[in-house]
Amino acid sequence: MISTIIATGSSPRALPGLPFDGKKVLSSDDVLTMEDVPSSILIVGGGAIGVEWASMFQDFGTRVTVVEATPSLLIQEDEEIGREMTRLFKKRGITVLTNATLDVSSIAKLESGIEVDVVQGDRRERVSAEVMLVAIGRSPNVENIGLEATRVNVVRGAIEVDEHLRTAEPTIYAIGDVIGGLQLAHVASHEGIHAMETIAGIHSARINYDQVARCTYSRPEVASVGISEKEARARGHNVKAGKFSFKANGKALIFGESDGFVRILADVDTGDLLGVHMIGPHVTDLISEASLAMVLDAIPWEIGHTIHPHPTLSEVIGEAALGVTGEMIHG
């Protein structure tokens with residue numbers, strides 16, 4: 001029997017009433033083909049995509065304004081991470097407008113760029129930039145791929161699959177952005193492996209998405225695994241946190257990148273590790289230790305009593321874990 005895996009990915013989502021034009025109103029795909037660095041850019045959306053582009057353009061010398069509808073950047077992360085990134089962006093000179101929306105009807109495309117009204121409560125501000133980047137997420141590519149000739153279900157714009165990535169059509173599987181969920185390359189890759197093993201008759205456990213690391217490649221970097229404190233409390237956990245700053249880490253000081261911290265969450269009653277949240281230098285590399293701890297069901301005491309080499313950035317993980325158990329040494 002022949003099986004098929006759908007992996008059609010996703011496309012940038014446009015604002016209602018404001019289609020991409022590839023010149024003044026750009027998608028993240030459009031930005032990849034730019035020939036010149038703009039003098040200024042208005043980025044709509046403060047999630048991972050918007051934050052990564054904002055960080056890079058600011059490093060290139062572009063005047064950057066970020067408009068985000070929620071109270072902070074990276075709203076999908078632990079609240080302390082979002083607040084810290086917002087603070088550090090402002091410190092770098094990036095204008096961050098939170099709890100803000102665009103009045104699409106006010107947009108004016110000029111020869112010099114684009115202007116639009118940004119609304120924050122009762123306050124309205126006219127913002128101008130050479131170009132606008134809309135980074136409000138990506139939509140699964142489910143159109144024009146022949147799904148209407150199958151029993152595949154599309155739910156809320158994404159292909160519905162079971163825990164083994166199988167659709168309602170027994171011989172059709174789907175992976176990656178097209179099924180929604182975590183739209184990350186390493187997730188799609190692992191889903192592909194899982195689907196192939198299922199097709200080959202190899203038993204493999206379902207993917208636990210709470211154990212998948214999420215990374216934002218900005219300056220500073222952000223990485224997390226597990227759930228946020230807000231989500232943990234919503235699930236009924238009694239939460240205790242340990243937090244350690246990179247400002248007290250020798251390697252970070254040597255690098256000249258001491259902003260940020262590691263924050264570890266655990267359940268007070270069971271000791272279970274619930275989440276690890278990082279913002280700072282090279283945390284997208286450091287997060288794998290936390291991911292392994294989640295997979296092995298390690299508790300903060302075990303992480304904290306693992307001897308981390310000195311001087312390394314990884315010492316911050318050990319100190320944060322000791323903070324959960326009340327044994328922090330250098331904090």
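Only heavy atoms go into these numbers, but all of them, side chains included; no hydrogens, no water, no symmetry mates. Nothing fancy with the numbering, it's 1 onward along the sequence. Note that the coordinates shown come from a computational prediction; the quantities given were computed from them, not determined experimentally.
To the nearest 0.5 Å, atoms SG (Cys215) and CG (Leu184) are separated by 8.0 Å. The CD atom of Glu191 sits 10.5 Å away from atom NE2 of His186, with the distance rounded to the nearest 0.5 Å. Considering CG of Asp162 and CG of Leu165, their distance stands at 7.5 Å, rounded to 0.5 Å. Atom CD1 of Ile264 sits about 8.5 Å away from atom CG of Leu322, to the nearest 0.5 Å. Here the CD-CD distance, from Glu52 to Glu221, works out to 9.5 Å after rounding to the nearest 0.5 Å. Rounding to the nearest 0.5 Å places CG of Leu74 at 9.5 Å from OG of Ser224.
No continuous path of hydrophobic side-chain contacts links Phe57 to Val44 [ILVMFWY only; heavy atoms under 4.5 Å]. Linking Ile, Leu, Val, Met, Phe, Trp and Tyr whenever their side-chain heavy atoms come within less than 4.5 Å leaves Ile41 and Val118 in two separate clusters. Trp301 and Met294 sit in two unconnected hydrophobic clusters of ILVMFWY residues. Membership requires side-chain heavy atoms under 4.5 Å apart, directly or through other members. In this structure, Leu133 is not a member of the same hydrophobic cluster as Leu97, with clusters built from ILVMFWY side-chain heavy atoms closer than 4.5 Å. In this structure, Ile279 is not a member of the same hydrophobic cluster as Leu274, with clusters built from ILVMFWY side-chain heavy atoms closer than 4.5 Å.
A salt bridge is defined here as a Lys NZ or Arg NE, NH1 or NH2 lying under 4.0 Å from an Asp or Glu carboxylate O, and Arg123 with Glu125 meets this definition. Electrostatic pairing of Arg235 and Asp210 counts as a salt bridge here, judged by a charged N lying under 4.0 Å from a carboxylate O. A salt bridge between Glu315 and Lys251 is absent, with no side-chain N of the basic residue lying under 4.0 Å from a carboxylate O of the acidic one. Using a cut-off of 4.0 Å between Lys/Arg side-chain N and Asp/Glu carboxylate O, Glu115 and Lys109 are scored as not salt-bridged.
Checked by atom type, the side-chain pair Ser105/Asp103 shows a donor-acceptor distance below 3.5 Å. With no hydrogens or angles considered, a side-chain donor-acceptor pair links Thr312 and Ser314 at under 3.5 Å.
Sorted by first then second residue, the side chain to side chain donor-acceptor pair (under 3.5 Å) pairs that include residues 92-102, not counting sequence neighbours, are Ser55-Arg92, Gln58-Arg92, Asp59-Arg92. Listed by first and then second residue, the side chain to side chain donor-acceptor pair (under 3.5 Å) pairs involving residues 9-20 are Ser10-Arg138, Ser10-Asp177, Ser11-Asn141, Arg13-Ser139 (not counting sequence neighbours).
Closest of all the heavy-atom pairs between Gly22 and Asp30 is CA-OD2, 3.8 Å. Heavy atoms only, all atoms of each residue included: Ala14 and Leu18 are closest at CB-O, 3.9 Å. Here the closest non-hydrogen pair linking Ile303 and Ala293 is CD1-CB, 3.8 Å. Considering every non-hydrogen atom in both Gly242 and Val324, the closest pair reads N-CG2, 3.4 Å. A pairwise comparison of heavy atoms in Ala223 and Val283 identifies CB-O, 3.4 Å as the closest pair. Closest of all the heavy-atom pairs between Val225 and Ser291 is CG2-OG, 3.9 Å.
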Quiz item: Are Arg263 and Glu229 close enough, and set up right, to give a salt bridge (charged side-chain N to carboxylate O under 4.0 Å, His left out), and what steps lead you there?
Solution: CA-CA 10 Å; Arg263 189 167 189 257; Glu229 181 174 353; 2.5 Å; yes
Practice problem: Go through the steps for Phe261 and Ile81 under the test side-chain contact (heavy atoms from CB on, under 4.5 Å), then give the verdict. | Solution: CA-CA 9 Å; Phe261 55 81; Ile81 297 292; 3.8 Å; yes
Quiz item: ring pair (Phe, Tyr, Trp, His ring centres under 6.0 Å) between His282 and Phe255: does it pass, once the steps are laid out?
Solution: CA-CA 10 Å; His282 301 282; Phe255 283 158; 5.4 Å; yes
Practice problem: For salt bridge (charged side-chain N to carboxylate O under 4.0 Å, His left out), just list the numbers for Glu80 and Lys243, CA-CA rounded to whole Å, side-chain angles, deciding distance to a tenth of an Å, and then say yes or no. | Solution: CA-CA 10 Å; Glu80 288 204 23; Lys243 179 180 175 181; 2.7 Å; yes
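For the pair Arg87 and Arg83, the minimum side-chain heavy-atom distance is 4.5 Å or more. With contacts defined as side-chain heavy-atom distances shorter than 4.5 Å, the pair Gln76/Arg214 does not qualify. Looking at heavy atoms from C-beta onward, Phe246 lies out of side-chain contact with Asp259 at the 4.5 angstrom threshold. With contacts defined as side-chain heavy-atom distances shorter than 4.5 Å, the pair Ile6/Ile172 qualifies. Between Met278 and Ile317 the shortest side-chain heavy-atom distance falls below 4.5 Å. Annotation: side chain of Ile107 is in contact with side chain of Ile114 (closest heavy-atom distance under 4.5 Å). Val262 is listed as a side-chain neighbour of Val316, based on a closest heavy-atom distance under 4.5 Å. In this structure, Val187 and Tyr209 have side chains that are in contact, with non-hydrogen atoms separated by less than 4.5 Å.
Shown here is Ile307, whose CD1 atom has no more than 12 heavy atoms of other residues, nucleotides or ligands within 6.0 Å. The neighbour count for Met328 CE, taken as heavy atoms of other residues, nucleotides or ligands under 6.0 Å away, is above 12. Enclosure of atom NZ in Lys230 is not indicated, since only 12 or fewer non-hydrogen atoms of other residues, nucleotides or ligands lie within 6.0 angstrom.
Formation of a donor-acceptor pair under 3.5 Å by the Glu68 side chain with backbone atoms of Gly46 is found in this model.
Between His164 and Tyr173, the ring centre distance reaches or exceeds 6.0 Å.
Evaluated for a side-chain hydrogen bond (donor to acceptor under 3.5 Å, both in side chains) with His237, the options Thr270, Asp267, Asp272 yield exactly one hit, Asp267.
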